[in-house]
Amino acid sequence: MPLPRTVRAALLVTGAALLAGRTRRALRRRIDGSPLWPLPALETPVSGQPRSRALRLRVARREAVADGVVQLRLDGQALPDWEPGAHLDLVLPSGLVRQYSLCGDPADPSAYTIATRRIGADEGGRGGSREVHEELREGTEVEVRGVRNRFPLVADAPAYVFVAGGIGITPVLPMVRAVEAAGADWRLLYCGRSRASMPFLDEVGKAGGERVTVVAEDEDGRPDVAGFLAGAADRGAAVYVCGPEGLMDAVAAALPADRPPHLERFAPRSLAGGSGAFEVELRRSGRTVTVGEGTTVLAAVRAELPSTPYSCEQGFCGTCQQRVLEGEIDHRDELLTDGERGDSMLICVSRARGGRIVLDL
């Protein structure tokens, strides 16, 4: 004899509640017992968690846009909006996570466009760009996280001055398009080793004409950064720079201390001249490790806890974010918000100010 409808409904509700309870208990056991789960002492784990919904996209088009530089158009679904200066996390087939600036059209919701230069091991490359060049073909599916914007274009500046070095043109390109469309006053200094190595050279030249200064080092030598920036601060110009650390240092040195440039780094700040050696206590593990001048907190921690998650090792992706219980942090990342910097750090690049720091590990 079939059970009455009210009884069946009650049983379903009870079963669902039991299942939810078991699921919560199983999840809590996983959090409490697994070193692979990030920050189990936190109510809401932080480390290793995507900062936004992951997307599955397809490489719709792949083309060489300069010597050693490929451009990828990624599509497959309607995409979240973005603004000039934004970047995304690209999860490669190997599991590596790398960050690439969006260089396409923000008005196109059907695709994201990125470009990457192949960086050899002799230049400090760690395999991400090589994998992009060798493994990502048209039709390949990839996971994308983001987008995020730590390099936004300010509105209504009296003028805009852009300085780009090599592949550093990628976040600058949508900015140039935007200020040109708005009829704003702008100039661009675009530097590279050679014209053949500089992506989008024709496009920026056509867009800017005499407002674009191109310096190819094999033809012209080093760029006169100070000369190009002369008077920029007096005009109230917003100055944007993306490129090698030396180029960004030259731009900062050419501007007044109270008018620093907007920076986008594609490599971590140098660890040289850091805070010296210091100790890191791993509170939950009951261990203490020493971090030398020439190594990172991540390397020292993983020697004791090999399952500690990490990916980019450049302070961009957030996978290695860890909670700090005690000690002052020397932040060297390009990701954390001001609020997050109060009690957490990216252990791949950041260090301690002083002789000791305590992590919730």
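Along the sequence shown, residues carry numbers from 1.
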Looking only at heavy atoms, which two atoms of P223 and E217 are closest? And how far apart?
-> CD-OE2, 4.4 Å

Should the heavy atoms of other residues, nucleotides or ligands under 6.0 Å from CD of E281 be counted, would the total exceed 12?
-> yes

R284/D360 ion pair, N-O < 4.0 Å | yes

Cationic N near anionic O, under 4.0 Å, D89 to R148 = yes

Measure the spacing between CZ of R323 and OG of S344 and express it to the nearest 0.5 Å.
-> 9.5 Å

Side-chain (S129) to main-chain (I119) donor-acceptor, under 3.5 angstrom = yes

Before giving the answer on side-chain contact (heavy atoms from CB on, under 4.5 Å), spell out for Q71 and F200 the whole-Å C-alpha distance, their side-chain angles and the decisive distance to 0.1 Å.
-> CA-CA 10 Å; Q71 177 179 270; F200 311 117; 3.0 Å; yes

For Y310, look at atom OH and say whether over 12 heavy atoms of other residues, nucleotides or ligands are found less than 6.0 Å away.
-> no

Pick out which of V97, L55, L90 makes a side chain to side chain contact (heavy atoms under 4.5 Å, CB included) with R145.
-> V97

Check step by step if side-chain contact (heavy atoms from CB on, under 4.5 Å) holds for E135 and L92.
-> CA-CA 9 Å; E135 302 297 332; L92 298 173; over 6 Å; no

Apply side-chain contact (heavy atoms from CB on, under 4.5 Å) to the pair T308 and Q322, showing each step before the final yes or no.
-> CA-CA 10 Å; T308 303; Q322 299 292 348; 3.9 Å; yes

Check: H331 main-chain N/O paired with R353 side-chain donor or acceptor under 3.5 Å = no

Verdict with supporting geometry, D75 and R61, salt bridge (charged side-chain N to carboxylate O under 4.0 Å, His left out) = CA-CA 9 Å; D75 69 13; R61 188 168 68 242; over 6 Å; no

So, for A155 and Y160, which heavy atoms are closest and what is the spacing to 0.1 Å?
-> C-OH, 3.7 Å

Is L325 reachable from V291 through a run of I, L, V, M, F, W or Y residues, each pair having side-chain heavy atoms under 4.5 Å apart?
-> no

Taking side chain as C-beta onward, heavy atoms only, is P309 less than 4.5 Å from T319?
-> yes

R62 side-chain N/O to V70 backbone N/O, donor-acceptor pair under 3.5 Å | no

Is the charged tip of R187 near the ring of F228: under 6.0 Å from the six-membered ring centre and within 45° of its axis?
-> yes

Within a strict 4.5 Å, meaning less than it, do heavy atoms of the L153 and V179 side chains meet?
-> yes

Polar contact flag, side-chain donor to acceptor under 3.5 angstrom, E279-T288 = no

Determine the minimum heavy-atom distance between A232 and V239, stating which atoms define it.
-> CB-CG2, 4.3 Å

Between S350 and D333, does a side-chain contact (heavy atoms from CB on, under 4.5 Å) hold up when you go through it step by step?
-> CA-CA 6 Å; S350 296; D333 65 274; 3.9 Å; yes

Heavy-atom closest contact (P158 atom, D185 atom, distance) = O-CB, 4.0 Å

Nearest-0.5 Å distance that lies between atom CZ in R58 and atom CZ in R73 = 9.5 Å

To the nearest 0.5 Å, atom CG of D224 lies from atom CG of L229 at 9.0 Å

Verify the neighbour count for atom CZ of R222: are there more than 12 heavy atoms of other residues, nucleotides or ligands below 6.0 Å?
-> no

Do V147 and Y112 have side-chain heavy atoms sitting under 4.5 Å apart?
-> yes

Validation row: F151, S101 side chains within 4.5 angstrom (heavy atoms) | no

Taking every non-hydrogen atom, the tightest pair across G104 and W82 = O-CH2, 3.5 Å

Note, L359 side chain near V297 side chain (heavy atom, < 4.5 Å) | yes

Heavy-atom donor-acceptor pair, R137 side chain to V59 backbone, under 3.5 Å = no

Is the backbone N or O of I167 less than 3.5 Å from a side-chain atom of R117, with the two atoms forming a donor-acceptor pair by type?
-> no

Drop me the distance from M345's CE to I329's CD1, to the nearest 0.5 angstrom.
-> 6.0 Å

Between R98 and T116, is any pair of side-chain heavy atoms under 4.5 Å apart?
-> no

Sub-3.5 Å donor-acceptor pair from the side chain of S197 to the main-chain atoms of S194, do we have one?
-> yes

Got a donor-acceptor contact below 3.5 angstrom from the H87 side chain to the R150 backbone?
-> no

Mind telling me whether Y240 and H262 have parallel, tilted or perpendicular rings, with 30° and 60° as the class edges?
-> parallel

Answer yes if L102 and V91 sit in the same cluster of Ile, Leu, Val, Met, Phe, Trp and Tyr residues linked by side chain heavy atoms under 4.5 Å apart, and no otherwise.
-> no

Could R177 and D105 be called an ion pair, given the rule that one side-chain N must be under 4.0 Å from one carboxylate O?
-> no

salt_bridge(R211, E180) N-O dist < 4.0 Å | yes

Look up atom CG in L173 and atom SG in C242, then write down how far apart they are to the nearest 0.5 Å.
-> 12.0 Å

Measure from the side-chain N and O atoms of E293 to the backbone N and O of G276, and report whether any donor-acceptor pair falls under 3.5 Å.
-> yes

I169 side chain reached by F162 side chain, heavy atoms, under 4.5 Å | no

Has R235 got more than 12 heavy atoms of other residues, nucleotides or ligands less than 6.0 Å from its CZ?
-> yes

Heavy-atom check, side chain of I114 versus side chain of V132, under 4.5 Å | no

So, the side chain of E340 versus the backbone of T337: is there a donor-acceptor pair under 3.5 Å, distance only?
-> yes

Smallest heavy-atom separation, N149 atom then P152 atom, equals OD1-N, 3.2 Å

Verify, without hydrogens or angle tests, whether R341 (side chain) and L336 (backbone) share a donor-acceptor contact under 3.5 angstrom.
-> yes

Here the gap from L79 atom CG to D81 atom CG, rounded to the nearest 0.5 Å, amounts to 9.5 Å

Quick one: do V358 and L298 end up in the same hydrophobic cluster if we chain Ile, Leu, Val, Met, Phe, Trp and Tyr together by side-chain heavy atoms under 4.5 Å apart?
-> no

Can a salt bridge be assigned to the pair E326 and R283 using a cut-off of 4.0 Å between side-chain N and carboxylate O?
-> yes

